[in-house]
Trainee: 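I have a structure here, written as structure tokens, and I will follow up with some questions on it.
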There are 2 protein chains.
Amino acid sequence: MARQTRQTILDVAGNLFGNRGFDAVSLDQIAAEVGVAKQTVLYWFSTKDELVQEVLAETAVELTVVVEAAIRSAPDDPLDRMEAVVKAVFRPAVRRPSLLGLVREISRLPSESSERLTDSLRPLVERAMNWMKAEMDAGRLRRADPGLIVALAYATVTGIATEPEALRVVGWNADIAGLRRLRDELVDFLRAALAPR
Amino acid sequence: MARQTRQTILDVAGNLFGNRGFDAVSLDQIAAEVGVAKQTVLYWFSTKDELVQEVLAETAVELTVVVEAAIRSAPDDPLDRMEAVVKAVFRPAVRRPSLLGLVREISRLPSESSERLTDSLRPLVERAMNWMKAEMDAGRLRRADPGLIVALAYATVTGIATEPEALRVVGWNADIAGLRRLRDELVDFLRAALAPR
DNA sequence: ACCTTTCTCTACCATTTGGTAGAGAAATGT
DNA sequence: ACATTTCTCTACCAAATGGTAGAGAAAGGT
């Protein structure tokens with residue numbers, strides 16, 4: 001099925017873009033890894049820039065789905081809910097660092113592109129901010145600036161998931177036990193950061 | 001003074017590399033911003049790769065100096081000391097996001113390059129880990145895996161300092177008051193994350 | 001004053017890159 | 001069975017890129 005070629009291109013491109021950065025990846029490299037000619041990539045996506053936009057749009061959808069599913073099935077306690085969301089994002093993110101690596105690349109796009117993408121994530125972010133403010137008002141989370149706390153939590157999760165060098169320097173191993181320790185330490189770190197005094 | 005040209009090239013290259021990524025910046029762009037010919041850049045640095053290495057070596061030195069100075073003049077209380085270090089790093093980092101943007105790019109280098117660079121930062125990291133472990137043993141910091149906590153604190157600081165998009169989405173403004181609020185929120189976040197239970 | 005060294009430049013090179021054009025095979029429709 | 005559409009390919013293009021070679025100006029030494 002030819003549309004399968006299109007999805008393969010998106011998957012391979014997403015992986016390479018997220019790991020190396022948009023400009024470090026050429027159409028030839030994507031084509032070679034998919035196993036088609038560069039012209040085939042350009043058949044499905046008119047330009048490299050369009051491919052980048054589609055990859056990012058897919059990523060935004062995937063993350064939104066993951067986060068919203070975690071929220072729906074999460075317990076009522078805010079720290080438990082935060083933990084459920086972090087674990088839900090962490091699971092695919094550590095297996096595939098390119099996922100959050102892509103989100104980080106958004107800051108490197110021209111303004112209009114990055115704004116279009118962050119606009120698609122804005123409803124999710126605003127729900128998180130409003131929820132956080134309500135829990136802080138109820139005394140169930142440490143009182144702080146909800147927006148900055150959302151940004152800090154996001155920075156911590158993406159930062160730790162997308163920089164294997166930083167983890168290697170502190171002696172961490174990417175085996176099953178190591179992943180579990182990292183996830184648990186991350187969750188404890190955020191719980192402690194957000195717990196009411 | 002011609003050696004001034006060399007330092008200007010390093011400064012401009014560091015800025016561009018840290019903001020956009022190594023592969024998104026050409027020798028011609030660096031030369032244009034310095035105001036010299038591309039050949040002049042290649043006179044001082046034999047290859048683009050050598051320029052990258054020098055920029056990163058300079059960055060490692062600068063950060064090491066900043067952190068060590070903060071440690072020397074910090075109070076004895078571990079949370080106060082952590083706060084002093086975070087503020088010392090945050091100050092140049094937010095004014096010049098390329099600084100930590102460069103550190104993040106280390107993960108994208110070929111293995112031997114990134115290892116050489118992380119090796120130059122390893123003594124600093126190990127001192128931080130040993131200090132953290134001692135304070136945890138003394139009950140002055142929350143007990144956790146010292147290595148992972150160092151990595152998480154680093155991820156939080158660099159993450160928040162190098163992704164203006166994430167901050168813009170939560171409604172943050174990059175004015176003087178906004179910078180102070182961000183710095184204070186970051187410090188509170190980390191204090192809460194590390195405080196003993 | 002002249003020689004040597006340092007620094008900067010233009011011209012040039014081969015390769016890479018994003019993209020275009022049209023041919024032909026495979027899939028689909030009538 | 002034939003026509004049309006979809007998908008994949010090779011060949012080609014202009015521009016960008018990292019780098020080389022050598023000329024000449026500026027700085028420094030004798």
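Just so we're on the same page: letters track the sequence lines, and every chain starts at 1.
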Trainee: Applying a 4.0 Å non-hydrogen cut-off, can you work out what B/Val34 is touching in the nucleic acid: base, sugar-phosphate, or nothing?
Mentor: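 Nothing: the residue B/Val34, judged by heavy atoms under 4.0 Å, touches no strand.
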Trainee: Would you mind reading off the distance between B/Arg6 atom CZ and C/dT8 atom C1', rounded to a whole angstrom?
Mentor: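 Going from B/Arg6 (CZ) to C/dT8 (C1'), I get 16 Å.
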Trainee: Checking all strands, does B/Leu27 fall into the base, sugar-phosphate, or nothing category for heavy-atom contacts under 4.0 angstrom?
Mentor: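 Sugar-phosphate: the residue B/Leu27, judged by heavy atoms under 4.0 Å, touches backbone atoms but no base.
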Trainee: Taking everything shown except A/Lys87 itself, do over 12 heavy atoms lie less than 6.0 Å from its NZ?
Mentor: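 For A/Lys87, atom NZ is crowded (more than 12 foreign heavy atoms under 6.0 Å).
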Trainee: For A/Asp23 and C/dT17, give me the distance from atom CG to atom C1', rounded to whole Å.
Mentor: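 About 12 Å, once rounded to whole Å.
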Trainee: Under 4.0 Å between a side-chain N or O of B/Thr5 and OP1 or OP2 of C/dT8?
Mentor: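 Yes.
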Trainee: Salt-bridge test for A/Asp137 and A/Arg143: reply yes if a basic N is under 4.0 Å from a carboxylate O, no otherwise.
Mentor: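 Salt bridge present between A/Asp137 and A/Arg143.
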Trainee: With the side chain of B/Gln39 defined as its heavy atoms from C-beta on, choose the nearest nucleotide among C/dT8, D/dA21, C/dG19.
Mentor: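 The closest nucleotide is D/dA21.
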Trainee: Hydrophobic clusters join Ile, Leu, Val, Met, Phe, Trp and Tyr when side-chain heavy atoms are under 4.5 Å apart, directly or via other members; which others share one with B/Val65?
Mentor: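 Cluster partners of B/Val65: B/Val61.
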Trainee: Which nucleotide in the set D/dG18, D/dC9, C/dT10 lies at the smallest distance from any side-chain heavy atom of B/Ala37?
Mentor: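 Out of D/dG18, D/dC9, C/dT10, the nucleotide with an atom closest to B/Ala37's side chain is C/dT10.
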Trainee: Tell me: CD of A/Gln29 to P of C/dT15, nearest whole Å?
Mentor: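 Distance check: A/Gln29 CD to C/dT15 P gives 17 Å.
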Trainee: Compare side-chain N and O positions of A/Ser26 against OP1 and OP2 of C/dT16 and report whether any pair is under 4.0 Å apart.
Mentor: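 So the side-chain polar atoms of A/Ser26 never come under 4.0 Å of the phosphate oxygens OP1 or OP2 of C/dT16.
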Trainee: Under the 3.5 Å rule, do the base of D/dG19 and the side chain of B/Lys48 count as making a donor-acceptor pair?
Mentor: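 Answer no: no donor N or O sits under 3.5 Å from an acceptor.
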Trainee: Expressed as a whole number of angstroms, how long is the span from B/Gln4:CD to D/dA27:P?
Mentor: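 The distance from CD of B/Gln4 to P of D/dA27 comes to 13 Å, rounded to the nearest Å.
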Trainee: Consider only side-chain heavy atoms of I, L, V, M, F, W and Y, link residues closer than 4.5 Å, and tell whether B/Leu190 and B/Val94 are in one cluster.
Mentor: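 Hydrophobic grouping puts B/Leu190 with B/Val94.
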Trainee: Between B/Trp44 and C/dT6, does any side-chain N or O lie under 4.0 Å from OP1 or OP2?
Mentor: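 Checking B/Trp44 against C/dT6: no side-chain N or O falls below 4.0 Å of OP1 or OP2.
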Trainee: Output the rounded distance in Å from CG (A/Asp28) to P (D/dT10).
Mentor: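 Rounded to whole Å, this separation is 12 Å.
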Trainee: Round to the nearest Å and state the distance from A/Leu42 atom CG to D/dA11 atom P.
Mentor: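 Spelled out: CG on A/Leu42 to P on D/dA11 is 17 Å.
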Trainee: May I ask you to say whether B/Asp184 pairs ionically with B/Arg191, meaning some side-chain N is under 4.0 Å from a carboxylate O?
Mentor: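 No salt bridge links B/Asp184 with B/Arg191.
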Trainee: From the list C/dG19, C/dC7, D/dC7, which nucleotide is the closest neighbour of the side chain of A/Tyr43?
Mentor: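 Out of C/dG19, C/dC7, D/dC7, the nucleotide with an atom closest to A/Tyr43's side chain is D/dC7.
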Trainee: Roughly how many Å is it from CZ in B/Arg3 to P in C/dT5, rounded to a whole number?
Mentor: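 Result: 18 Å.
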Trainee: Rounded to whole Å, how long is the line connecting atom CG of A/Asp49 with atom P of C/dT17?
Mentor: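 Going from CG in A/Asp49 over to P in C/dT17 covers 17 Å.
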